Amino acid sequence: MAVAEGSPTYEPGVHWDEVTRFRPSGGAYGTPVAEGSGFKYDEATLHELVKEWTDLAKEYTTDRYEAQLIAISMPPGREYASEGNAQVTRESGKALMDALDARSAYCEAMADKYRTALGKYATAEDGATSAINQQPKGLA
């Protein structure tokens, strides 16, 4: 995908998928798996999704520690305006920390869902392997 020259600009009414000519295709992860009562993703895709959600949660956590610097900012001077500005900045930093905490928790929850799916996937694989191994060997 080519990127347009210059800095991006906001244009009301233009949607990102129209600009990039990207049309969602139903998923970009792994090989398609047949629909039905089985799994929507293959095992490799589930592992990839766990890693991506975990990495994103770590990024939010790192950003949260940096947001603490905003939340403890001190006024540059001892006059009323400096103190008021610092107070507003601290409140903004605390709000940012709360938002980053929520995003990190969401990402961890998503990773946990995919870990759970991996467990179910492994259980289903074990059950199928066991059923196959119980079949008579050779031609009858």
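Small disclaimer: the values here were computed from a predicted structure and weren't measured.
Listed by first and then second residue, the salt bridge (Lys or Arg N to Asp or Glu O under 4.0 Å) pairs that reach into residues 81-100 are Glu83-Arg90, sequence neighbours excluded.
Counting all heavy atoms, side chain and backbone alike, Ala111 lies closest to Val50 at O-CG2, 3.8 Å. Pairing each heavy atom of Ile70 with each of Thr89, the nearest pair is CG2-O, 3.5 Å.
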Cut-off 3.5 Å, no hydrogens considered: what does the side-chain donor-acceptor table look like for residues 99-107, sequence neighbours left out?
from   : atom 1 : to    : atom 2 : distance (Å)
Asp101 : OD1    : Arg64 : NE     : 2.7
Asp101 : OD2    : Arg64 : NE     : 3.3
Asp101 : OD2    : Arg64 : NH2    : 3.4
Ser104 : OG     : Ala57 : O      : 3.4
Ser104 : OG     : Thr61 : OG1    : 3.1

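Put simply, OG on Ser73 and CD on Gln87 are 8.5 Å apart, with the number rounded to the nearest 0.5 Å. Going from atom CE of Met97 over to atom CG of Asp63 covers 12.5 Å, rounded to the nearest 0.5 Å.
Checked by atom type and distance alone, the side chain of Thr62 pairs as donor or acceptor with a backbone atom of Lys58 at under 3.5 Å.
Applying the salt bridge (charged side-chain N to carboxylate O under 4.0 Å, His left out) test to Asp55 and every residue at least two apart in sequence or in another chain returns Lys51. Remark: Ser82 pairs with Glu79 by the side-chain hydrogen bond (donor to acceptor under 3.5 Å, both in side chains) rule, at least two apart or across chains. Partners of Ile72 by side chain to side chain contact (heavy atoms under 4.5 Å, CB included), not counting sequence neighbours: none found.
Between Thr54 and Arg115, some side-chain heavy-atom pair lies under the 4.5 Å cut-off.
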